[in-house]
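First the structure, in the form of structure tokens, and then the observations on it.
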Amino acid sequence: MPEGPSIVILREEVAAFTGKAVERAEGNSKLDKSRLVGQTVQSFRSWGKHFLIELDDVSLRIHLLLFGSYRINERKQSSPRLSLGFANGELNFYACSVQFIEGPLDEAYEWSADVMGDAWDSRAVLKKLRARPRLLACDALLDQTLFSGSGNIIKNEVLFRTRIHPLSLIGELPAAKLRELAKEVRVYSFDFLRWKREGKLKANWLAHTKTTCPRCKIPFVKAKSLGRSKRRAFYCERCQKRHGDSEKVSVNAPVAEE
DNA sequence: TGGTTTGTTGCAGC
DNA sequence: AGCTGCAACAAACC
């Protein structure tokens, strides 16, 4: 479910509830759900993997994490974390994180970091990346403050497309390569969105879960837990160039600034 | 068949 | 104090 493009799809699927009042709010979330009843949906928004329901005096932030799911005008057997009833149907969320966000959403998030968003600004992320030269490429692509909405699939695919080895140091990438990286995260995320809608997401993976490099045909490296983020990685040692050596860390050096 | 995972948080222990 | 590793969530997928 849960990388940024999947949340864009969710946002579109619930559009019929925009402007409708919450008539019923229940579920096993510990939040005070009674507060929601009577409030009107001002908008459905998303910031990366965060699905946002903007109501009259508060917003809801729903994060599907790894196992979360939702149903529109349907119910699963398991009990919902949050179920919202409207005059024209209902929206049910399962196994997710639900939080209130007080105050305007425009102040709660840095919108330029949302890879799928209209306010995406690659210059802003490049500035942040330049400030963290010791950061590994594989960790940069999972850092939601840099690339909000990018997840492990997007990480593996973007590193393969740009031919960047996941253990490259951000500070060692040539300027043009860094710009290419920032640009490709957004380009691939929209490819992901289109392929997911068409039901062809997996069919278009070049690296994620693959065993052989489609370019040079040698076996991919399958790493179980790479980088600080300790997530699995699929990459080609031959055609993904390793910029800098992340192993070279002097014991006496000052604490590495990422 | 059953181990793995498109993710994040909080907490225990060190 | 600040880190690391684990549990929790709970279901589709290979």
Whole angstrom is fine here: how far is it from [atom1] in [X] over to [atom2] in [N]?
X: A:I7; N: B:dG7; atom1: CD1; atom2: C1'; answer: 11 Å
X: A:L142; N: B:dG7; atom1: CG; atom2: P; answer: 7 Å
X: A:D143; N: B:dT9; atom1: CG; atom2: C1'; answer: 16 Å
X: A:L66; N: C:dA10; atom1: CG; atom2: P; answer: 12 Å
X: A:K196; N: B:dT6; atom1: NZ; atom2: P; answer: 13 Å
X: A:M116; N: B:dT6; atom1: CE; atom2: C1'; answer: 14 Å
X: A:N156; N: B:dG7; atom1: CG; atom2: C1'; answer: 15 Å
X: A:F234; N: B:dT6; atom1: CZ; atom2: C1'; answer: 12 Å

Would one find a side-chain N or O of A:H208 under 4.0 angstrom from OP1 or OP2 of B:dT6?
->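 So the side chain of A:H208 is within the cut-off, an N or O lying under 4.0 Å from OP1 or OP2 of B:dT6.
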Is the distance from OP1 or OP2 of B:dG7 to the nearest side-chain N or O of A:Q144 less than 4.0 Å?
->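 For B:dG7, OP1/OP2 do not have a side-chain N/O of A:Q144 under 4.0 Å.
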Who does C:dC6 pair with, Watson-Crick or G-U, both distances under 3.5 Å?
->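 Base partner found: B:dG10.
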Decide whether A:S148 and A:D114 meet the rule of one side-chain donor and one side-chain acceptor closer than 3.5 Å.
->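 There is no such pair (donor and acceptor under 3.5 Å, judged by atom type) between the side chains of A:S148 and A:D114.
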Within a radius of less than 6.0 Å around [atom1] of [X], do more than 12 heavy atoms belonging to other residues, nucleotides or ligands occur?
X: A:R238; atom1: CZ; value: no
X: A:K200; atom1: NZ; value: no
X: A:K183; atom1: NZ; value: no

Would the A:Y109 and A:H50 ring centres measure less than 6.0 Å apart?
->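 For A:Y109 and A:H50, the ring centres are under 6.0 Å apart.
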Of the options [options], whose atoms approach the side-chain atoms of [X] most closely?
X: A:R81; options: B:dT4, C:dA10, B:dT6; result: C:dA10
X: A:R232; options: C:dA10, C:dG5, B:dT5; result: B:dT5
X: A:K49; options: B:dT6, B:dT8, C:dG5; result: B:dT8

Taking for each residue the nucleotide of DNA chain B bearing the nearest heavy atom, is the 5' side occupied by A:Q99 or by A:K222?
-> A:K222
Comparing nearest nucleotides in DNA chain B, the 5'-proximal residue of the pair A:R231, A:K224 is A:K224
Close N or O pairs between protein and nucleotides 11-14 of chain C (under 3.5 Å):
from	atom 1	to	atom 2	distance (Å)
C:dA11	OP1	A:S78	OG	3.3
C:dC13	O3'	A:K202	NZ	3.4

Tell me, please, whether A:W111 has A:R45 positioned over its six-membered ring: NZ or CZ under 6.0 Å from the ring centre and within 45 degrees of its axis?
-> yes
So which of A:F160, A:Y235, A:F234, A:W205 actually passes ring pair (Phe, Tyr, Trp, His ring centres under 6.0 Å) with A:F220?
->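 It is A:F160, the one option of A:F160, A:Y235, A:F234, A:W205 that forms the ring pair (Phe, Tyr, Trp, His ring centres under 6.0 Å) with A:F220.
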Expressed as a whole number of Å, how far does the C1' atom of B:dT6 sit from that of C:dT4?
-> 24 Å
Could you work out the separation of C:dC9 and B:dT1 based on their C1' atoms and round it to a whole Å?
->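 That atom pair is separated by 23 Å.
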So which heavy atom on A:Q39 is nearest to which on A:D57, and how close?
-> OE1-N, 2.8 Å
